[in-house]
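Structure first, commentary second.
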Amino acid sequence: MRQNQMHQYLRIPLVLLVLGATIAASAKLLWQVNPNLLRLSSFTSTEELQCAEIITPDAVLSRERILKLMTIAEGTAKTRVRSILKAPYCRLKPITVRAGATAEREVYPLEFDPKIWVIVLYEDDTYVGVRLVPQTQQCSSSLL
């Protein structure tokens with residue numbers, strides 16, 4: 001009986017190893033078929049992070065307002081989100097996220113780390129989501 005238990009304990013790491021290798025191989029295969037499917041970042045160029053319009057040069061986002069932002073549901077009106085976040089630092093160029101829908105993006109540097117941007121996404125004056133993005137070296141000279 002004891003030999004059988006030892007044998008089962010040795011099987012678990014082997015199963016995990018095979019499972020991990022299968023997942024890694026699947027991810028690699030998916031990436032080769034469609035590199036955009038598993039993008040590490042939705043922003044591939046610094047050009048996409050260039051402010052189209054500076055709105056409030058000294059705007060920053062405090063921890064308290066970030067916590068409030070995390071409680072806001074997708075689909076909330078832009079005016080409600082703006083009442084919590086206040087005016088953004090800048091507005092990025094509009095992008096197309098879904099077919100036929102143009103999205104606005106507003107940038108808020110973090111108060112405690114201005115090199116991290118909180119980018120808030122809106123479609124048709126409706127809150128869609130938020131993303132934290134490290135500000136790149138190339139952007140820093142022209143934006144902050």
Side-chain angles (χ1 to χ4, degrees), residues 5-144:
Q5 286 177 340
M6 262 314 238
H7 186 39
Q8 286 180 341
Y9 287 129
L10 293 176
R11 258 192 202 170
I12 293 172
L14 182 61
V15 169
L16 291 175
L17 180 66
V18 170
L19 183 62
T22 304
I23 291 170
S26 299
K28 184 176 180 189
L29 180 62
L30 282 172
W31 186 74
Q32 286 176 337
V33 171
N34 184 358
N36 291 328
L37 187 63
L38 297 173
R39 288 167 70 175
L40 298 177
S41 172
S42 67
F43 304 110
T44 55
S45 73
T46 56
E47 205 172 283
E48 291 182 36
L49 291 175
Q50 295 294 326
C51 289
E53 173 187 6
I54 303 288
I55 297 171
T56 311
D58 59 345
V60 289
L61 199 56
S62 69
R63 292 174 204 257
E64 294 79 25
R65 287 192 282 157
I66 291 171
L67 289 174
K68 287 181 183 176
L69 176 63
M70 295 302 126
T71 65
I72 296 174
E74 186 176 322
T76 302
K78 180 179 179 178
T79 54
R80 166 94 172 96
V81 177
R82 272 289 196 82
S83 71
I84 293 169
L85 300 181
K86 309 301 179 213
Y89 167 70
C90 75
R91 187 172 292 126
L92 301 175
K93 293 178 184 174
I95 59 171
T96 302
V97 178
R98 297 181 245 231
T102 302
E104 290 180 49
R105 299 173 297 160
E106 295 181 340
V107 174
Y108 297 84
L110 292 177
E111 181 178 54
F112 52 91
D113 188 357
K115 293 194 184 251
I116 303 292
W117 283 359
V118 176
I119 300 178
V120 181
L121 186 74
Y122 301 101
E123 285 180 356
D124 299 321
D125 290 329
T126 302
Y127 173 71
V128 176
V130 64
R131 175 161 295 209
L132 285 123
V133 177
Q135 181 188 8
T136 63
Q137 290 286 357
Q138 294 165 330
C139 293
S140 62
S141 61
S142 63
L143 296 173
L144 286 180

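With values rounded to the nearest 0.5 angstrom, E106 atom CD is found 8.5 Å from L85 atom CG. Here the CG atom belonging to D125 is positioned 10.0 Å from the CZ atom belonging to R82, to the nearest 0.5 angstrom. Expressed to the nearest 0.5 Å, how far CZ of R91 lies from OG1 of T56 amounts to 9.5 Å.
By the side-chain contact (heavy atoms from CB on, under 4.5 Å) test, I116 is found to be paired with L110, D113, L132, P134, residues two or more places apart in sequence or in another chain being considered. Partners of S62 by side-chain contact (heavy atoms from CB on, under 4.5 Å), not counting sequence neighbours, listed by chain and number: E64, R65, E111.
The two atoms that bring K93 and R105 nearest to each other are O-NH2, 2.7 Å, heavy atoms only. The two atoms that bring I66 and F112 nearest to each other are CD1-CE2, 4.2 Å, heavy atoms only. Closest approach of Q50 to L92, counting heavy atoms only: O-CD2, 3.6 Å. Between A59 and P88 the shortest heavy-atom distance is CB-C, 3.8 Å.
Looking at P94 and T102, their side chains come closer than 4.5 Å, going by heavy atoms from C-beta outward. No side-chain heavy atom of V120 sits under 4.5 Å from any side-chain heavy atom of E104. Two residues are said to be in side-chain contact when any heavy atoms from C-beta on lie closer than 4.5 Å; V81 and T79 fail this criterion. Here the side chains of V118 and L69 are in contact, with some heavy-atom distance below 4.5 Å. The shortest distance between side-chain heavy atoms of L121 and Y127 does not fall below 4.5 Å.
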Stepwise side-chain contact (heavy atoms from CB on, under 4.5 Å) test for C90 and I55:
CA-CA 5 Å; C90 75; I55 297 171; 5.6 Å; no

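Under 4.0 Å is where a charged nitrogen must lie from a carboxylate oxygen, and between K78 and E123 no such pair does.
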